[in-house]
Amino acid sequence: MTKVALVTGGTRGIGAAICKALQAAGHKVAASYAGNDEAAARFKAETGIPVYKWDVGDYDACAAGIATVEAENGPIDILVNNAGITRDGFFHKMTKEHWSEVIRTNLDSLFNMTRPVIEGMRARGFGRIVVISSINGQKGQMGQVNYSAAKAGDIGFVKALAQENANKGITVNAITPGYIGTDMVAAMPEAALQRVVAGIPVGRLGKPEEIAQMVVWLASEHGAFATGATFSINGGQYMA
Ligand SMILES: NC(=O)c1ccc[n+]([C@@H]2O[C@H](COP(=O)([O-])OP(=O)(O)OC[C@H]3O[C@@H](n4cnc5c(N)ncnc54)[C@H](OP(=O)(O)O)[C@@H]3O)[C@@H](O)[C@H]2O)c1
């Protein structure tokens with residue numbers, strides 16, 4: 001069952017692993033990214049997957065970008081809202097800019113990316129929407145009030161949208177990764193990272209591929225009965 005998949009933030013980290021896994025499962029995959037042209041070019045050369053640059057926080061850019069992706073690849077059947085950022089710091093020192101950047105990239109993006117594809121999915125009677133939320137949207141995390149708020153919002157989005165579209169062959173699910181070994185986590189101070197790993201019962205960071213295989217399953221026919229769900233993949237760090 002070859003489908004057309006679009007993965008936001010698909011050129012690095014978890015998104016890149018998702019793209020490769022969907023491609024290996026036989027899907028036609030497109031990846032979007034924000035601005036790191038070098039990483040995108042490397043990813044494209046390695047995988048042959050086409051890459052598209054726009055800001056998922058900008059509705060008009062998303063609508064135009066999706067139109068291009070669909071013109072070149074066909075209607076989007078599988079949408080993986082993966083792009084995300086952190087702007088960490090205690091709330092009592094947080095700037096409005098850091099609040100807004102995280103909300104628009106990690107939460108507004110769900111409207112911006114999903115609204116342009118949902119009508120087509122409903123008309124065709126098939127769709128798979130997967131949102132990469134976070135463990136910290138479930139448990140909260142000091143230093144990440146902005147990120148935790150956005151990621152918790154992602155889960156509410158999934159639950160409501162799943163109800164609206166369950167009878168149209170469309171599933172909508174969230175994955176809440178724990179700490180995964182990507183650039184995002186590498187940016188953490190070493191001491192803080194060591195404290196985090198010490199709190200993970202499995203005793204290590206997760207691998208991007210361990211998130212990617214969950215997306216492949218959700219996108220498949222076997223995932224048809226799973227909707228509105230939140231799948232925790234966190235090495236036992238938090239049992240929601
Ligand atoms: N890593 C973890 O431990 C972890 C844990 C829980 C949840 N998550 C979530 O998983 C997702 C992926 O995380 P990651 O660790 O793989 O991140 P990453 O390595 O930092 O990669 C982020 C990707 O998102 C893209 N991106 C960022 N802002 C964007 C924007 N405004 N518009 C379009 N694309 C944008 C980046 O594009 P450029 O390359 O152009 O910058 C890049 O491709 C995020 O939503 C993150 O919150 C991660």
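Ligands are counted one by one from 1 in listed order, and the atoms in each one are counted from 1 as well.
- The shortest N/O to N/O separation between P177 and ligand 1 does not fall below 3.5 Å.
- Counting heavy atoms under 4.0 Å from ligand 1, residue Y147 touches it through the side chain alone.
- Scanning the protein heavy atoms around atom 32 (N) of ligand 1, the nearest turns out to be V56 N, 3.0 Å.
- Under a 4.0 angstrom heavy-atom cut-off, R104 registers as lying outside contact with ligand 1.
- Between R42 and E46 no salt bridge is recorded (no basic side-chain N to carboxylate O distance below 4.0 Å).
- The pair D77-R128 does not count as a salt bridge, with every side-chain nitrogen at least 4.0 angstrom from each carboxylate oxygen.
- In terms of protein heavy-atom proximity, atom 3 (O) of ligand 1 is nearest to I180 N, 2.7 Å.
- Salt-bridge annotation for R204 and E210: present, with a side-chain N of the basic residue lying under 4.0 Å from a carboxylate O of the acidic one.
- The ligand atoms of ligand 1 that sit less than 4.0 angstrom from a heavy atom of G13 are 16 (O), 19 (O).
- Nearest to atom 14 (P) of ligand 1 among the protein's heavy atoms is T182 OG1, 3.7 Å.
- E119 and R115 are joined by a salt bridge, as a carboxylate oxygen and a charged side-chain nitrogen come within less than 4.0 angstrom of each other.
- Of all atoms in ligand 1, numbered sequentially from 1 with element shown, those under 4.0 Å from a heavy atom of V185 are 1 (N), 2 (C), 3 (O).
- No part of A39 comes within 4.0 Å of ligand 1, judged by heavy-atom distances.
- When heavy-atom distances to ligand 1 are checked against a 4.0 Å cut-off, K151 comes that close only through its side chain, counted from C-beta outward.
- Ion pair D55/R104 flagged as a salt bridge, since at least one NZ, NE, NH1 or NH2 atom sits closer than 4.0 Å to an Asp/Glu carboxylate oxygen.
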(message) If you apply the rule side-chain hydrogen bond (donor to acceptor under 3.5 Å, both in side chains), what do you find for Q213 with E209, and how did you get there?
(response) CA-CA 6 Å; Q213 287 304 322; E209 295 73 24; over 6 Å; no
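- Between the side chain of N136 and the main chain of S148, no donor-acceptor pair closer than 3.5 Å is present.
- Residue contacts with ligand 1, taken as heavy atom pairs separated by less than 4.0 Å, involve D55 via backbone and side-chain atoms alike.
- Listed here is the closest heavy atom pair of M113 and N81: CB-OD1, 3.2 Å.
- In this comparison of C62, G84, S133, S32, the heavy atom closest to atom 7 (C) of ligand 1 sits on S133.
- The side chain to side chain contact (heavy atoms under 4.5 Å, CB included) search around H92 returns F90, not counting sequence neighbours.
- Side chain of S133 to backbone of I155: no donor-acceptor contact under 3.5 angstrom is found.
- Take F91 and apply the ring-ring contact (aromatic ring centres under 6.0 Å, His included) test, not counting sequence neighbours, and it matches no residue.
- By the 6.0 Å contact criterion, NZ on K159 is open, its count of non-hydrogen atoms from other residues, nucleotides or ligands being 12 or less.
- The shortest contact between atom 10 (O) of ligand 1 and any protein heavy atom is with I132 CG2, 3.3 Å.
- Listed by number with element, the atoms of ligand 1 under 4.0 Å from a non-hydrogen atom of W54 are 32 (N), 33 (C).
- Looking at Y33 next to ligand 1, no N or O pair under 3.5 Å apart turns up.
- Heavy-atom contacts of A83 reach the following atoms of ligand 1: 24 (O), 26 (N), 34 (N), 35 (C), 45 (O) (cutoff under 4.0 Å).
- Residue contacts with ligand 1 leave out T8, since none of its heavy atoms falls under 4.0 Å from the ligand.
- With a heavy-atom cut-off of 4.0 Å, T105 touches ligand 1 through its side chain alone.
- Once rounded to the nearest 0.5 Å, the distance linking OG1 of T171 with CG of N173 reads 5.0 Å.
- In this structure, the protein non-hydrogen atom closest to atom 29 (C) of ligand 1 is A34 CB, 3.4 Å.
- Those atoms of ligand 1 with a heavy atom of I85 less than 4.0 angstrom away are 27 (C), 28 (N).
- In terms of hydrophobic clustering, with Ile, Leu, Val, Met, Phe, Trp and Tyr side chains grouped at heavy-atom distances under 4.5 Å, I14 and F43 are assigned to a common cluster.
- Looking from atom 25 (C) of ligand 1 to the surrounding protein, the closest heavy atom is G9 CA, 3.5 Å.
- The ligand atoms of ligand 1 that sit less than 4.0 angstrom from a heavy atom of Y179 are 3 (O).
- If you look at P208 next to ligand 1, there are no close heavy atoms at all, none under 4.0 Å.
- Atom 18 (P) of ligand 1 has R12 NH1, 4.0 Å as its closest protein atom, hydrogens excluded (heavy atom only).
- For ligand 1, the atoms sitting less than 4.0 Å from at least one non-hydrogen atom of T11 are 39 (O), 43 (O), numbered in the order shown with element in parentheses.
- Residue G178 places a heavy atom less than 4.0 Å from ligand 1.
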(message) As a quick check of understanding, evaluate side-chain hydrogen bond (donor to acceptor under 3.5 Å, both in side chains) for Q138 and T176, giving each step before the final call.
(response) CA-CA 8 Å; Q138 295 172 297; T176 49; 3.1 Å; yes
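- Closest to atom 12 (C) of ligand 1 among all protein heavy atoms lies N82 OD1, 3.2 Å.
- Side chains of R122 and N165: a donor-acceptor N/O pair is present below 3.5 angstrom, by distance only.
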